[in-house]
Amino acid sequence: MPIPKVVTTRRQLKEAIAFIGDREEFAFDVETSGEHRGVPALNRVTWISLASRGGTTVIPMGHPNGYQTISKATRRKDRATGKFIPVPAVFSPPPDQLTPAEVFQELQPLFFSGRTKIAHNAVFDLVSVAKYFGQIPPPPYGDSIVAAWLIDENRPALGLKPLVEARYGLRYDQEGVGKRVEAHPFGTVADYAWMDAWTTWLLYTHLRPQITAAGLDGVWSLEMDVLEALLPMRAAGAPVDVAALERLRDDLRTRIVGAEAEVYRAAGRVFNLASNPQRQQVLYGPRPAGQGLKPKKTTKTGAASTDAQALSTYQGKNAVVDRLLEYQELSKILSTYVEGYLGNEESGKASRIYNGRIYPTFAQYGTVTGRFSSYDPNIQNWPRSDSDIGKAIRDIIEPPPGFALLVADYAQIELRILAHFAKEGALWQGFWDGLDAHVATASTIFGIAPEDVDRAARQIAKGMAYAILYGAGAQKLADMAHISLPKASHFMRVHERAFPEIYAYKDDLLRTARRRRPVPYIKTLLGRHRRLPDLRSHAEGLRKRAERQLVNSHIQGTNADITKLAMTRFDRTRLDGMQMLLTVHDEIAVLCPQEIAQEGAAVLYDAMAGPEMQLLSVPLTTDVKIVNRWSEAK
DNA sequence: CAATAGAGCGCT
DNA sequence: AAAGCGCTCTATTG
């Protein structure tokens with residue numbers, strides 16, 4: 001029996017499910033509505049479409065519209081004011097539809113079976129439907145966005161529409177139906193949702209064999225396990241102390257008003273502190289209107305830079321500079337981390353806190369190196385705990401009563417990975433001897449005993465380590481370590497003599513990558529690829545850049561492999577009540593019932609650094625802290 | 001009005 | 001001529 005195209009009756013639903021149920025794997029896609037349509041823990045699913053070999057179906061369950069009956073115009077000009085006013089579309093009543101309860105009850109056997117559930121960005125769709133099932137559908141999973149990313153991590157747009165257009169030359173959403181399905185007619189949305197499931201199926205069946213052909217089955221399996229670990233995280237979100245955030249808002253607002261006034265007083269004029277052209281005038285314009293400072297730095301377009309680095313020369317010497325830097329710090333925190341979450345009526349910012357929780361999205365496909373990215377909100381760039389303001393921000397994560405926060409991070413993991421790849425030498429030995437890596441490096445470079453290494457020497461060594469990782473030049477090192485350029489060059493030469501194995505590793509890696517066809521690439525510890533076409537560029541600047549990216553990707557990507565593996569291990573071994581909250585590249589934070597905090601910490605430790613995680617030829621160590629607030633961890 | 005670019009800045 | 005991100009604001013362009 002063929003599959004019905006649009007399902008509005010129980011009989012059709014049973015037919016559709018019987019058809020899909022005959023298959024081992026199926027793709028699905030949800031359309032969501034409501035205030036929180038982008039938050040899968042809270043949104044309302046108004047359509048679900050299913051596709052598999054030979055058939056695709058779409059199931060509406062609460063679409064509000066029928067046909068569009070009056071005008072196609074979306075806005076009209078007001079005669080009196082000349083402004084545009086939105087015109088609400090007028091629709092006929094929608095057809096009778098099944099309810100979500102009816103639909104998900106029937107879908108239960110399909111989703112809670114051994115069939116492979118495939119979607120494009122599957123975490124979103126799986127968590128969206130999990131609410132209706134009362135639990136998260138089990139693996140196996142497939143994800144066409146992850147597949148496309150593993151095959152080409154450099155692709156700028158991984159969305160379903162760009163991929164479908166690139167592969168099939170097909171464009172089916174010119175009007176942006178998917179952005180707001182409830183604003184479109186029933187038939188339009190039916191076609192749209194149907195296409196989403198169908199194209200997801202097409203893409204997946206096209207891409208999945210390519211994963212195998214490219215030798216990426218290992219990372220694919222890792223990423224599907226990561227996807228599984230992300231589901232409960234995304235479903236639960238992270239609890240936030242709203243009252244503390246509001247107090248912080250009030251405090252910052254007061255301080256900013258003062259800071260702003262002080263800038264104006266010092267400058268002798270009022271201007272827009274956030275406008276670069278105006279800041280340039282005030283700082284670099286001739287006296288008396290401006291401060292007459294000499295620009296120390298230009299932006300990439302050649303303008304006089306007013307960033308903190310450019311102004312640092314005049315710190316303590318010019319009152320406008322000092323006050324401006326203070327203002328800048330406060331206003332960054334307020335707008336990004338406080339009002340960005342609480343919302344702000346005046347500027348029209350929406351709140352990002354729902355039921356006392358934020359729901360950051362961790363995109364496992366969000367970077368070219370294999371790391372996660374985080375957005376809406378980005379929780380990976382919260383200010384560090386070494387300032388009071390940073391502490392206050394981090395501390396808005398509030399464990400519920402009876403819960404502790406476990407915070408674990410890998411110690412110097414990128415340097416350990418570097419030592420592992422270099423296989424031998426002073427860095428490698430230093431990790432085995434349990435030395436502080438930077439102290440050990442300083443001791444080697446300067447030829448002094450470790451106990452004689454002072455802070456300045458350690459700072460230079462640390463700068464050196466990151467210079468190697470990121471491929472910085474002598475100038476950058478000089479800036480970082482606050483030393484002269486000749487000194488920096490000298491230390492870099494000494495470093496090269498003291499750690500020949502590191503430079504041999506880099507050369508080797510470059511050679512291996514260059515030999516690969518058709519495009520040069522590296523493989524991380526767990527087999528992830530990073531392609532760098534520019535490694536063969538004839539433009540020296542591009543080629544050198546690609547060389548730096550290659551070394552960095554090898555190390556950063558291996559770090560991502562290890563952290564992602566640790567997350568999957570944690571997900572499998574976590575005790576009842578434990579919940580992963582967030583991950584910041586080399587760090588994992590977890591909620592744990594207070595009474596099992598010790599056992600929980602041991603489980604987390606083992607997941608991150610237990611015997612099975614000793615994947616490197618140097619020890620991989622982790623520090624797990626049991627705290628009440630995040631800032632206490634550092 | 002919406003989208004984009006540029007500058008700037010938070011993090012590992 | 002330092003790798004990888006996302007967010008906010010202003011100014012400009014469509």
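All chains are named by letter (A, B, ...) in the order of the sequence lines, taking the proteins before the strands, and each is independently numbered beginning at 1.
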| said: Pairing donors with acceptors under 3.5 angstrom, does anything connect the side chains of Y264(A) and E260(A)? | reply: yes
| task | Identify, with sequence neighbours excluded, every residue that meets side chain to side chain donor-acceptor pair (under 3.5 Å) alongside Y521(A). | result |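 Per chain and number, Y521(A) pairs via side chain to side chain donor-acceptor pair (under 3.5 Å) with no residue.
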| query | Residues from residues 531-546 of chain A sitting under 4.0 Å of DNA chain B, heavy atoms only? | reply | none
| task | Name every residue in residues 298-306 of chain A that has at least one heavy atom under 4.0 Å from any atom of DNA chain B, in order of residue number, or write none if there are no such residues. | result | T299(A), K300(A), T301(A), S305(A), T306(A)
| request: For nucleotides 6-14 of chain C, just jot down a letter per nucleotide in 5' to 3' order: B, S or -, based on protein non-hydrogen atoms under 4.0 Å. | output: BSSSSS---
| Heavy atoms under 4.0 Å, any strand shown: does R279(A) hit a base, just sugar-phosphate, or nothing? |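 Counting heavy atoms under 4.0 Å across all strands, no contact is made by R279(A).
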| With a 4.0 Å cut-off on heavy atoms, is Q328(A) in touch with a base, just the backbone sugar-phosphate, or nothing at all? | sugar-phosphate
| Backbone N/O of V263(A) and side chain of R323(A): donor-acceptor pair under 3.5 Å | no
| Could you give the angle between the helix axes at the two ends of the helix from dC1(B)-dG14(C) to dT12(B)-dA3(C), with five pairs per end, rounded to 10 degrees? |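 Answer rounded to 10°: the end axes differ by 10°.
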| field | R536(A) atom CZ, neighbour heavy-atom count above 12 within 6.0 Å | value | yes
Please name all residues satisfying side-chain contact (heavy atoms from CB on, under 4.5 Å) with [X], sequence neighbours left out, ordered by chain then number.
X: H495(A); value: T441(A), I445(A), M464(A), I468(A), F499(A), I502(A), Y503(A)
X: A440(A); value: L435(A)
X: A350(A); value: none
X: Y470(A); value: E414(A), Y466(A), N552(A)

Output a table of donor-acceptor pairs, distance under 3.5 Å, between side-chain atoms of residues 251-258 of chain A and any protein atom two or more places apart or on a different chain; print 'none' if there are none.
residue: R253(A); atom: NE; partner: E339(A); partner atom: OE2; Å: 3.1
residue: R253(A); atom: NH2; partner: E339(A); partner atom: OE2; Å: 2.8
residue: T254(A); atom: OG1; partner: D250(A); partner atom: O; Å: 2.9

| Going by the salt bridge (charged side-chain N to carboxylate O under 4.0 Å, His left out) test, which pairs reach into residues 521-533 of chain A, not counting sequence neighbours? |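 Every salt bridge (charged side-chain N to carboxylate O under 4.0 Å, His left out) pair that includes a residue of residues 521-533 of chain A, provided the two are not neighbours, is E153(A)-R531(A), E223(A)-R528(A), R528(A)-D561(A).
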| task | Sort and list the pairs that fulfil salt bridge (charged side-chain N to carboxylate O under 4.0 Å, His left out) and have at least one residue in residues 360-370 of chain A, not counting sequence neighbours. | result |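 Passing the test, one end in residues 360-370 of chain A: no pairs.
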| said: Would you say Q549(A) places a side-chain N or O within less than 4.0 Å of OP1 or OP2 belonging to dG4(C)? | reply: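 Yes.
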| remark: Closest to the side chain of V368(A), out of dC5(C), dA3(C), dG8(B), is dC5(C)
| Where does the angle between the aromatic ring planes of F362(A) and F372(A) fall among parallel (under 30°), tilted (30 to 60°) and perpendicular (over 60°)? | perpendicular
